[in-house]
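Structure, as structure tokens:
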Amino acid sequence: MKITGKLLILSLSLLLLIPPAFGAGLEEKVKEHTLKNGMKVLMVERHTSPTVALWIRYKVGSVNELSDERGIAHLLEHMLFKGTKTIGTRNYAAERPLLAEIEKNASELMAEKLKKDKADKGKIEALSKKLASLEAKEDAYVLPNEFSQIYAKNGGLSLNAFTAKDTTAYMVNLPSNKIELWASMESDRMKNAVLRQFYTERNVVMEERRRAYETEPDGKLWEEFLAAAFVAHPYGLPIIGWMSDIENLSRTKAESFLRRYYAPNNAVVAIVGDIDPRKTVSLVEKYFGSIPPGRSVPPVATVEPKQSGERRVEVVDDAEPELLMGFHKPAVSSPDDYVFDVIEMILADGRTSLLFRKLVVETQIAADISAASVPGSMYPNLFLISATPRSPHTVAELEKAINDELELLKNKPLSRKELDKVLNNLEAGEINSMGSNGGIAYRLTEYEATVGTWRYMVEHRKKVARVTPEDVLRVARTYFTRENRTVGFITKREATR
């Protein structure tokens, strides 16, 4: 599951700006438990409805893939709904040798295709036909969507998953009397996942890539923009992988990645809702406690070199103009990141924010505008401004207008009133966010996995409150420079003729 283009920026902005503040009233409500195998469990007891949000977030994402594994975390997101040795199959004992035969045939086919011009076309055709025949035999053993159907029959809602740069998450909402079903299902998935119909699903992902990126101007711009902004760090690589990456992913590689990292010691679980924490711990221990730990996810060693000049990316397509402007900035663990949170809210949080008011409401140069830190948070990332020019205004006019406002931010100190507005918005976000079990589970797992502690939510507002007008000036002057800037834009094809 992924979001592209403007929707991506808006979604990230909303997730980043609202939830951290709710930690202030949550500190005493979170119950922690760590299993001997390293799995961290975070529980919040909320009896507002007889339901519970259940999240498992793994501390592994696309940033952790090796060069021959790109796209594998996203493909695994698809595959982990295919079932286990007992779910999704009519007869696993009979299916298992067929899976091995499929893998042998697929490996031979990929190896032959990699020979490019020297490949034996006849051999490729024969192996392709054999693979299709074997997959048809496998289909006879498969019970499609059984994993999802079990949840649905038991009142499950919002069953989903997503792959991000830093983490991967799987979630569902259930009636509170179905927690044991969840523990049974998810522990089975953690121990016994079977990557059946792998090559069929790989084709689905390839089609997803074609549809969402290769034929979608916003998707093209996003990928090319990130590739230009990050020349060394894997943040510049697409989560879904390049097409050639996907074409060469094998079930053997996927299983290796799965067994290495999708293990209790790399998992953070959040259980939020109508629960008894003591009984919940007992259930979690019963089902997950015997699963052995896997390999700890190693940190990314590559450091993005300092940018030494503006980079520009243009996508010419039959699409309306679009503008992305990004500046390299520190990771979420840096004190300057709190200053960027303030800048983000001042520039683009709501209709009264600086950029929205000036460019959308007053001058009407832009049709919309937003800001967010992307594409991940564990490592140094980008402060991104995304905007669409309002006809007849151009991308060039919009870019100049944004740069003019950033120059003002670098030279005109903010008032105490403007900083107080940021804190008031955070408090409003706290009230709104406390109404959602899923929202709380999202942030508990997000910060425990990326920052190392969910208590980041508790400290966030306190540290934002310490940000001064001088901090904003210093950070703006340090990072909002031409040599630290990457600009991407869509030019409508007819405009180039």
Side-chain angles (χ1 to χ4, degrees), residues 1-3 7-27 29-32 39-46 48-49 51-62 73-74 77 80 151 156-174 176 179 182 186 239 266-275 280 284 332 337 341 344 349 372-378 381 425-426 428-461:
M1 174 179 164
K2 67 182 180 317
I3 309 172
L7 184 57
L8 167 74
I9 308 307
L10 177 60
S11 299
L12 286 171
S13 179
L14 291 173
L15 289 172
L16 287 168
L17 288 179
I18 297 176
F22 69 62
L26 202 67
E27 186 172 15
K29 298 177 182 178
V30 177
K31 307 297 181 186
E32 299 184 48
M39 191 169 87
K40 186 69 169 284
V41 184
L42 304 172
M43 297 165 287
V44 178
E45 187 175 357
R46 301 177 83 239
T48 53
S49 68
T51 60
V52 61
L54 301 131
W55 279 59
I56 298 181
R57 190 186 293 260
Y58 292 97
K59 303 174 188 177
V60 59
S62 65
H74 173 260
E77 175 200 318
L80 290 183
Y151 273 133
L157 296 172
S158 303
L159 175 66
N160 213 333
F162 64 80
T163 308
K165 296 289 188 182
D166 302 323
T167 64
T168 308
Y170 298 82
M171 71 292 298
V172 68
N173 291 344
L174 283 169
S176 52
I179 296 177
W182 168 85
E186 296 302 331
I239 291 172
N266 295 322
V268 178
V269 174
I271 304 174
V272 181
D274 184 28
I275 63 170
T280 301
V284 172
V332 69
D337 193 65
D341 287 344
E344 187 175 326
D349 180 33
S373 291
V374 298
S377 59
M378 286 184 70
N381 47 70
N425 287 343
L426 285 173
E430 176 179 353
I431 295 170
N432 292 333
S433 301
M434 284 299 289
S436 167
N437 289 341
I440 295 172
Y442 177 95
R443 280 304 167 188
L444 286 175
T445 57
E446 167 77 4
Y447 290 119
E448 187 67 33
T450 58
V451 186
T453 174
W454 61 269
R455 288 180 176 82
Y456 174 91
M457 296 187 298
V458 178
E459 296 300 319
H460 183 269
R461 188 180 184 281

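Owing to the predicted nature of the structure, the values given are computational and were not obtained by experimental measurement.
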When you measure from the side chain of [X] to the backbone N and O of [Y], does any donor-acceptor pair fall under 3.5 Å?
X      : Y      : value
Asp166 : Thr450 : no
Asn173 : Thr51  : no
Thr445 : Val268 : no
Asn381 : Gly376 : yes

I need the [X] [atom1] to [Y] [atom2] distance, nearest 0.5 Å.
X      : Y      : atom1 : atom2 : value
Lys31  : Ile271 : NZ    : CD1   : 14.5 Å
Glu27  : Arg455 : CD    : CZ    : 6.5 Å
Tyr170 : Glu77  : OH    : CD    : 6.0 Å
Leu54  : Ser176 : CG    : OG    : 10.0 Å

If you define the side chain from C-beta out and look only at heavy atoms, does anything of [X] sit under 4.5 Å from [Y]?
X      : Y      : answer
Trp454 : Glu32  : yes
Leu444 : Leu26  : yes
Val269 : Glu186 : no
Ile239 : Thr163 : yes

Does Arg443 make a cation-pi contact with Tyr456 (under 6.0 Å, within 45 degrees of the axis)?
no
Closest approach of Trp182 and Leu174, non-hydrogen atoms and distance?
CB-CD1, 3.7 Å
Can you tell me how the ring of Tyr442 sits relative to the ring of Phe162, calling it parallel under 30°, perpendicular over 60° and tilted otherwise?
tilted
